[in-house]
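Single-structure report; data block below.
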There are 2 protein chains.
Amino acid sequence: MDVKTLCLGALTMGDATGYEIRKMFEDGPFAQFFDASYGSIYPALGHLLKDELVSVTQLAQEKRPDKKVYSLTAAGLAHFKKALAVPPTKDKIRSEHVVRLFFADYMSKTDLIAVYQSYLTHFQSQADHLRSLQPENTTSGRLFARGLGLKFYDAMAAYLIENRDQLFEEPVLAAAETTNETPDLQELGND
Amino acid sequence: MDVKTLCLGALTMGDATGYEIRKMFEDGPFAQFFDASYGSIYPALGHLLKDELVSVTQLAQEKRPDKKVYSLTAAGLAHFKKALAVPPTKDKIRSEHVVRLFFADYMSKTDLIAVYQSYLTHFQSQADHLRSLQPENTTSGRLFARGLGLKFYDAMAAYLIENRDQLFEEPVLAAAETTNETPDLQELGND
DNA sequence: GGGGCCATGTAACCCGTTACATGATTGA
DNA sequence: TCAATCATGTAACGGGTTACATGGCCCC
């Protein structure tokens, strides 16, 4: 499933410009499960237009590029439904954060803390953001997907918090409990 | 972070062939957060060898291609550590399953059920599989990552089960509760 | 005055996947 | 006998990202 199909999906929710579709991938409801940049969205829209799966209304604007509002055509909707009927491929995940957590013993404590923090913050802010979107567009599918995303972000944040100590556990040492500065950093290997 | 770096990471866990590294992405501990095919692994190993980040021992085998066992060099380990010290990029997720759940109202009930089932089965079998790997290699990082994966799979499976009805809820009709066959499929749009 | 938002698009590049090529062994 | 596992590699192709190109408005 490519960006073209996702653009069709975006347009089922209402007419939109390329710029607005991009935002759906960045902030909006798609951010949870897909990503796409301008460099793929604008060409995709161009192809869809050529194939008459979308139509466009050009709004002239003074002092800005013309705004091109795209709409789904009947053929576009049919095409989208057909794409959904194809069995989904395996989900693709690439998490550089988890790579770093997995190989924590090859990292300096400072770097590891930074990774942990940015990951936790990411999940928390995504969860807050999803919660903030009031479900106006409520179809059962969208509610279901929203709930799934929320569960995901909350579960990940909870795990990170609950197991923090396990990650930063020193292999051997068990003494220095009352010190207030990070006591020892050795073998940082930064050259 | 590219496949080359991940290969270095794989080799920190012990010498391995390209074939074995592939399996780590498919079955093994990496499957959780990354994927890579032969077409990227073999060339990656070739480049790493050229750059002397890995070394190779060729084992002649009768009736099979020579087995090439790769080992991490000191330079390779240093390189890997440096790569880990770079702040991680945003996690990338592309889930065709969630796309379909999100757009459930554009799917036939039959197709939707199939998607739901395959997703649930996927999470359950991944969770079972992760649980089956006894943590021999136990570093705190690996345990932490394993736990995170487990939490993820379990949370997703639980959500799917708990909210099943919400997904298959008919928009309007509230009568046919005692029928035993799926009563009505309309607007399937399959041409 | 500077950064962020609105708004569209192109081109080079990178990286990875898919499919192809080869082939014996083992177990159901 | 047929599928799976072991075992390595290449080439074509595809799809998306990054960076570039342009430019005014609005708020701090």
Side-chain angles (χ1 to χ4, degrees), chain A residues 1-8 10 15-28 30-31 33-50 54 56-70 83 88-96 99, chain B residues 1-8 10 15-28 30-31 33-50 54 56-70 83 88-96 99:
Chain A
M1 178 171 289
D2 52 20
V3 173
K4 275 196 294 190
T5 309
L6 268 293
C7 285
L8 291 177
D15 298 350
T17 65
Y19 187 82
E20 286 164 350
I21 292 174
R22 170 74 232 272
K23 279 195 303 187
M24 298 177 72
F25 286 101
E26 205 193 4
D27 285 328
F30 286 20
F33 51 85
F34 243 88
D35 196 18
S37 59
Y38 291 125
S40 58
I41 290 171
Y42 283 119
L45 255 9
H47 288 134
L48 292 171
L49 190 62
K50 196 194 63 189
V54 303
V56 72
T57 307
Q58 201 144 342
L59 301 184
Q61 297 186 126
E62 283 167 32
K63 331 240 179 150
R64 285 210 195 146
D66 289 359
K67 185 188 274 196
K68 293 185 174 178
V69 181
Y70 292 90
T89 61
K90 224 188 94 188
D91 287 11
K92 270 156 200 119
I93 299 181
R94 346 195 84 194
S95 173
E96 294 204 2
V99 172
Chain B
M1 178 171 288
D2 54 20
V3 173
K4 276 197 293 191
T5 309
L6 268 294
C7 286
L8 292 177
D15 298 351
T17 65
Y19 188 82
E20 286 164 349
I21 292 175
R22 171 73 231 272
K23 280 196 301 187
M24 298 176 71
F25 285 102
E26 206 194 3
D27 286 327
F30 286 20
F33 51 85
F34 243 87
D35 196 18
S37 58
Y38 291 125
S40 58
I41 291 171
Y42 284 118
L45 255 9
H47 288 134
L48 292 171
L49 190 62
K50 196 195 63 190
V54 302
V56 72
T57 308
Q58 201 145 341
L59 301 185
Q61 298 188 127
E62 282 166 30
K63 330 238 176 153
R64 285 214 194 142
D66 289 1
K67 186 188 273 197
K68 293 185 174 177
V69 181
Y70 292 90
T89 61
K90 223 187 96 188
D91 287 10
K92 270 156 199 117
I93 300 182
R94 346 196 84 194
S95 173
E96 294 204 2
V99 171

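Since this is a predicted model, take the numbers as computed values, not measurements. Per chain, numbering begins at 1; letters A, B, ... match sequence-line order.
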>> I need the CE-C1' distance between M1(B) and dT17(D), as an integer number of Å.
In response: 18 Å
> Does S40(B) have a side-chain nitrogen or oxygen under 4.0 Å from the phosphate oxygens OP1 or OP2 of dC15(C)?
Replying inline: no
> Roughly, in whole Å, what's the span from OH in Y38(A) to P in dG15(D)?
Replying inline: 23 Å
> Of all the choices, dG16(D), dT8(C), dA7(D), which nucleotide is nearest to the side chain of D2(A) once you look at every atom?
Replying inline: dG16(D)
> Hey, which of these two, Y42(B) or G39(A), hits DNA chain D nearer its 5' end, going by closest nucleotide?
Replying inline: Y42(B)
> So do the side chains of I93(B) and F34(A) get within less than 4.5 Å of each other, counting heavy atoms only?
Replying inline: no
>> Restricting to non-hydrogen atoms, name the atom on A36(A) and the atom on V3(A) that form the minimum distance, rounded to 0.1 Å.
In response: CB-CG2, 4.0 Å
>> What's the closest nucleotide to the side chain of S37(A) if the choices are dG16(D), dC6(C), dT18(D)?
In response: dT18(D)
>> Can you identify which nucleotide, out of dG9(C), dA7(C), dC6(D), has its nearest atom closest to the Y19(A) side chain?
In response: dA7(C)
>> Does a side-chain N or O of T17(A) approach OP1 or OP2 of dA7(C) to a distance below 4.0 Å, or not?
In response: no
>> Restricting to non-hydrogen atoms, name the atom on G18(A) and the atom on L45(A) that form the minimum distance, rounded to 0.1 Å.
In response: CA-CD2, 3.7 Å
> Would a 4.5 Å heavy-atom cut-off, applied to side chains only, mark V99(A) and F33(B) as touching?
Replying inline: yes
>> Quick check on DNA chain D: between P43(B) and K23(B), whose nearest nucleotide comes earlier from the 5' end?
In response: K23(B)
>> Just the rounded figure in Å: distance from C1' of dG16(C) to CG of L6(B).
In response: 13 Å
>> If you only use heavy atoms from C-beta on, which nucleotide in dT10(D), dT10(C), dT8(C) is closest to the side chain of K68(A)?
In response: dT8(C)
>> Do K68(A) and T17(A) have side chains that approach each other closer than 4.5 Å (heavy atoms only, starting at C-beta)?
In response: no
> Atom CD1 of I21(B) to atom C1' of dA7(D): distance rounded to whole Å?
Replying inline: 13 Å
> Just how far, in rounded Å, is C1' of dT17(C) from NZ of K90(A)?
Replying inline: 13 Å
>> In whole Å, I'd like the distance from the CD1 atom of I41(A) to the P atom of dG15(D).
In response: 16 Å
> Does a side-chain heavy-atom distance below 4.5 Å link I41(A) with F25(A)?
Replying inline: yes
> Of all residues at least two apart in sequence or in a different chain, which pass the side-chain contact (heavy atoms from CB on, under 4.5 Å) check with Y38(A)?
Replying inline: Y19(A), R22(A), Y42(A)
> Rounded to whole angstroms, how far apart are CD on E96(A) and P on dC15(C)?
Replying inline: 12 Å
> Given atom CZ of R22(B) and atom C1' of dG9(D), what is their separation to the nearest angstrom?
Replying inline: 15 Å
> the helix from dG1(C)-dC28(D) to dA28(C)-dT1(D): angle between its terminal axes, five pairs each, to 10°?
Replying inline: 50°
